[in-house]
Amino acid sequence: MKQENIRAFSIIAHIDHGKSTLADRILEKTGAVSQREAKEQLLDSMELERERGITIKLNAVELSYQYENEDYLLSLIDTPGHVDFSYEVSRSLAACEGALLVVDATQGIEAQTLANLYLALENHLVVLPVINKIDLPSADIEKVEKELENLGFDQNDILKVSAKTGEGCDALMDAIIKKIPAPKGKSNHPLSALIFDSHYDSYRGVGISVRIVEGTLKKKDLIYMMDTKASYEVTSLFIHTPKEKEVSVLKTGEVGVVYAAIKKIEDVHVGDTLTIKDHPCLKPLPGYRRVKSMVYAGIYPMDTSKFEELREALMKLKLNDAALTFEPETSLALGFGFRCGFLGLLHMEIIEERIRREAGIEILTTTPSVIYQCKLATLEEISIDAPYKMPDKTLIKEIREPIVKASIYTPKAYIGEVMKLVQEKRGKFLNLSYLDQERVILEYDLPLSEIVFDFFDRLKSSTKGYASFDYEFKCFSPSDLVKVDILINKEVVDALSFIVHKDFAYQRGRKIVERLQKLIPRQLFEIPVQASIGNKVIARCDIKALRKDVLAKCYGGDITRKKKLLEKQKEGKKRMKQIGSVELPQEAFMSVLKMEKDE
Amino acid sequence: MKKEIAVYIHIPFCKQICPYCDFCKVFYEKGLVEKYLKALEEEIIETYQKEKVKTIYIGGGTPSHLTCLELERLFQILTLFQKKDSIEYTVECNPEDLCEEKLLLFKKYGINRISIGIETTIEKFQKKIKRVISKEEIRKKVELVKKVGFSNINVDLIYAFQGETEEDLQEDLNFLMSLNVPHISLYSLQIEKHTQFGYQKEKKIDPSLDRDLYDFLCNFLEEKGYQHYEISNFAKKGFFSSHNLVYWNNQEYYGFGAGASFYKDGIRGHHTRSVYQYIQEKKVIEEEKLGEEEKMDYFLLLGLRKEEGIGKREFFFRYQKKLKEVYSFDSYLKQGVLEEEGDFIRIAKEYRYVMNTILVTLLNSRKSS
């Protein structure tokens with residue numbers, strides 16, 4: 001393919017704004033799949049993605065398209081739609097020259113779309129604004145046009161389509177060919193290829209999705225990855241049309257998948273530059289950074305004997321998900337499990353779900369915690385990824401917590417509500433700007449821990465679902481934080497400890513002990529449930545002793561029934577965790593941990 | 001020496017059906033009684049292996065509601081058993097059925113223990129369970145029983161009715177004391193699924209209140225010289241129910257009649273609860289054949305109902321294993337939930353009313369061999 005006839009682009013859209021349907025339509029237009037073949041939303045291949053209607057792993061397809069008697073190659077690179085994956089999004093955008101900004105005609109622009117638009121502009125992409133779902137009766141095309149104009153688009157450039165009916169899609173194809181520039185890389189330069197995705201194939205090892213920025217890549221080339229310094233011989237090269245097709249060479253501007261019998265996914269980092277070992281490019285491609293986990297939680301098997309199975313499941317997931325980290329940890333309360341690091345909450349939920357679904361292991365997840373930096377009195381710096389690891393406060397000089405820059409996009413009617421919420425969440429106001437007459441963008445510095453707590457749900461409920469939200473990590477900042485321990489029968493239950501701003505410690509402690517009081521069944525003795533900071537108890541509830549648990553009558557006819565009754569009680573007890581002399585139902589753990597979301 | 005055994009006979013016929021009762025029962029019907037007794041006789045002949053019988057317990061239903069003729073027929077059938085001289089031979093009676101003629105018949109056939117179902121003497125609760133009878137009437141009946149020559153008398157009483165107070169219970173107990181009987185069974189009202197109360201969704205009393213009543217009655221009866229020898233049973237010295245102790249000591253027993261349970265040759269089971277099916281085929285439903293571990297579990301869960309608890313020597317004698325090596329008692333002993341005295345391990349008084357929780361932990365602690 002002639003380099004000047006290559007068009008590489010992404011689709012930027014909010015969840016449900018029709019990205020996948022539009023992609024399907026483009027596939028049809030290029031004849032890559034017939035309408036009958038097109039399973040709904042062909043690009044989303046993971047079962048979970050289809051169910052949730054979101055894209056988690058990236059996909060790229062190579063499509064040939066004839067336009068005015070010229071053959072063109074269209075590379076459509078899919079991007080994940082969620083805030084947790086914004087770095088991945090930025091890398092896949094970096095692999096393109098253009099982007100379609102898809103906006104739902106009935107909804108207008110959302111915060112995430114906007115965030116991704118900025119990412120596209122930072123990567124110097126040509127952005128084609130597309131208003132989708134124009135066939136719907138509730139479509140307000142004019143309003144959305146205004147919003148786009150306010151963002152700086154020319155009204156004449158705005159494409160109006162219905163991905164569902166196909167209306168306007170021909171004009172869209174024309175615009176892709178005419179307006180998105182061809183790749184500019186030099187084919188005679190040493191190879192530099194951008195890694196924008198990876199996945200694991202049990203037969204061929206790690207598959208690396210790359211965009212060839214300069215030079216060419218051939219089978220048997222000895223490749224070298226500049227950050228991880230790993231080196232392998234290419235065993236095969238593929239493109240997706242969307243069916244997999246083996247090729248012998250990937251040329252400048254092309255997108256493909258490289259296999260090199262790589263067993264360690266750690267060797268392949270998204271954003272890294274792939275080159276030729278003996279003939280490397282001078283410097284890596286710009287914009288690379290290592291992804292760091294921001295949210296941590298313990299994952300424990302419900303059945304303690306499934307620890308090894310859980311390890312295997314996590315290892316398998318990690319093969320496909322470089323952003324997941326895990327290491328074994330032991331909790332006095334929960335036994336053996338793993339402390340896992342995630343990009344964010346959605347990422348965490350996806351991993352939990354995949355362990356349950358793909359590995360069939362019932363798990364218990366502890367309260368998610370962000371990562372804290374801690375300067376000790378000895379001036380030593382440590383990172384804390386679990387509340388129980390926080391040293392005694394007398395040993396600490398300073399604690400710093402991650403702060404994010406949050407952009408909240410809301411109809412102006414809810415500004416008051418949003419401001420109230422963000423203030424409660426310790427937000428620091430930065431900026432307010434109007435996108436149009438109806439909608440504003442509020443910018444805040446917010447502690448990440450407050451987002452982990454219950455921010456999403458509160459934001460949604462206080463704006464009747466209208467506000468949307470995006471954030472990016474900004475810095476670590478000193479904060480007046482304390483660790484609150486939960487004591488059951490005077491023993492600290494490590495899995496229930498949490499770190500919280502001093503001002504909220506009492507309130508949160510109170511809530512949790514009250515909840516536990518309701519959840520823990522009465523036992524033989526009265527049990528105090530306390531929340532404490534260091535040695536100081538800040539909240540206490542008592543679980544009264546059990547007063548009656550007996551079969552009053554037990555004669556000849558009652559005996560087997562009594563045994564069955566006890567067997568049933570025994571089953572119930574199996575789901576209990578013994579903490580000292582107290583038995584806690586696992587449900588109690590989960591509800592306490594989950595409570596944070598629903599209260 | 002032949003093995004000794006206990007025998008339970010079920011007579012399912014009642015004049016009326018009580019709303020709390022979940023035993024096997026039908027309305028009294030003359031023709032049916034005849035057929036039933038015939039089936040009972042056949043079953044005893046087919047099954048009984050000529051062991052020495054140490055206790056017979058005729059329960060129901062309402063055995064006392066049978067006519068004298070029917071009772072005579074029943075007692076005749078029961079002469080099939082080879083009785084020990086020291087046999088305990090009980091018949092359950094409703095107070096209104098007691099008359100001199102029937103009592104003399106009991107005497108004639110060697111019955112030596114009368115169990116009277118009074119249930120409650122408080123009118124509002126009597127109405128609720130449809131068992132209205134005045135205190136005076138009850139007193140007359142009990143005196144008659146004594147007059148005919150029975151000294152081993154039990155009275156059944158139910159407490160923890162919805163709305164029952166300590167004063168109500170006190171009234172029942174005071175009256176009971178005036179009857180001066182040597183054995184009292186006191187049950188907290190259980191609402192069972194397939195009873196009228198169950199269908200009506202009759203509410204249970206608050207467990208904490210139930211416990212208060214229980215503590216009250218235990219203290220009261222102990223003060224009056226009754227020994228609290230099982231969770232719901234109190235007796236003067238020498239009047240413990242031998243038959244019921246067979247159950248709590250996890251010993252074997254025959255059960256004859258519709259719905260009757262048995263534990264024989266290591267098998268626990270029961271008969272069909274349908275009187276008609278019983279008459280036709282005497283159907284038996286085997287529930288479980290006990291292995292050694294189940295036997296040990298039963299020994300524990302039944303034995304701990306007794307005030308004295310379970311004997312370590314007895315356990316070793318039966319199962320050739322040391323009790324403390326099979327189950328772990330240590331932490332409960334340390335906490336004072338269990339007590340060890342000489343050969344026996346028992347539940348401390350304060351914890352007897354929450355024994356299920358304790359049993360579950362103990363059963364879970366069993367080490368499999």
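Numbers restart at 1 for each chain; the letters A, B, ... are given by sequence-line order, proteins then strands.
Proximity to chain A is limited to the side chain of B/Glu288, based on heavy atoms less than 4.5 angstrom apart. Residue B/Phe262: no heavy atom, backbone or side chain, is found under 4.5 Å from chain A. With a 4.5 angstrom heavy-atom cutoff, A/Lys568 does not touch chain B via any of its atoms. Using a 4.5 Å cut-off between heavy atoms, B/Leu301 touches chain A through backbone and side chain atoms alike. Using a 4.5 Å cut-off between heavy atoms, A/Lys562 touches chain B through its side chain atoms alone. Using a 4.5 Å cut-off between heavy atoms, B/Tyr159 makes no contact with chain A at all. Both the backbone and the side chain of B/Asp212 come within contact range of chain A, judged by heavy atoms closer than 4.5 Å. Only the side chain of A/Leu565 comes within contact range of chain B, with heavy atoms under 4.5 Å apart. Heavy atoms closer than 4.5 Å to chain B are found nowhere in A/Arg522, neither backbone nor side chain. For B/Tyr351, the part sitting under 4.5 Å from any heavy atom of chain A is the side chain, from C-beta outward, and nothing else.
Counting only N and O atoms by type, the side chains of A/Asp494 and A/Ser331 include a donor and acceptor under 3.5 Å apart. Using modelled atom types and a 3.5 Å distance limit, the side chains of B/Tyr20 and B/Glu202 yield no donor-acceptor pair. Side-chain N/O atoms of B/Asp210 and B/Tyr353 include a donor and acceptor closer than 3.5 Å. In this model, a donor atom of one side chain and an acceptor atom of the other lie less than 3.5 Å apart for A/Asp392 and A/Thr394. For B/Tyr332 and B/Thr361, the side-chain atoms include at least one donor-acceptor pair closer than 3.5 Å.
Under the 30°/60° scheme for interplanar angles, the aromatic rings of B/Tyr229 and B/Trp248 are found to stand perpendicular. Ring geometry for B/His243 against B/Tyr57 counts as parallel: the plane angle stays under 30°, on a 0 to 90° scale with 60° as the upper cut.
Between chain A and the options B/Leu189, B/Val354, B/Asn364, B/Asn244, heavy-atom pairs under 4.5 Å are most frequent for B/Val354. Ranked by heavy-atom pairs under 4.5 Å with chain A, the list B/Arg352, B/His10, B/Gln335 is led by B/Gln335.
Judged by a 6.0 Å distance limit and a 45° cone about the ring axis, B/Arg268 is positioned over the six-membered ring of B/Tyr298.
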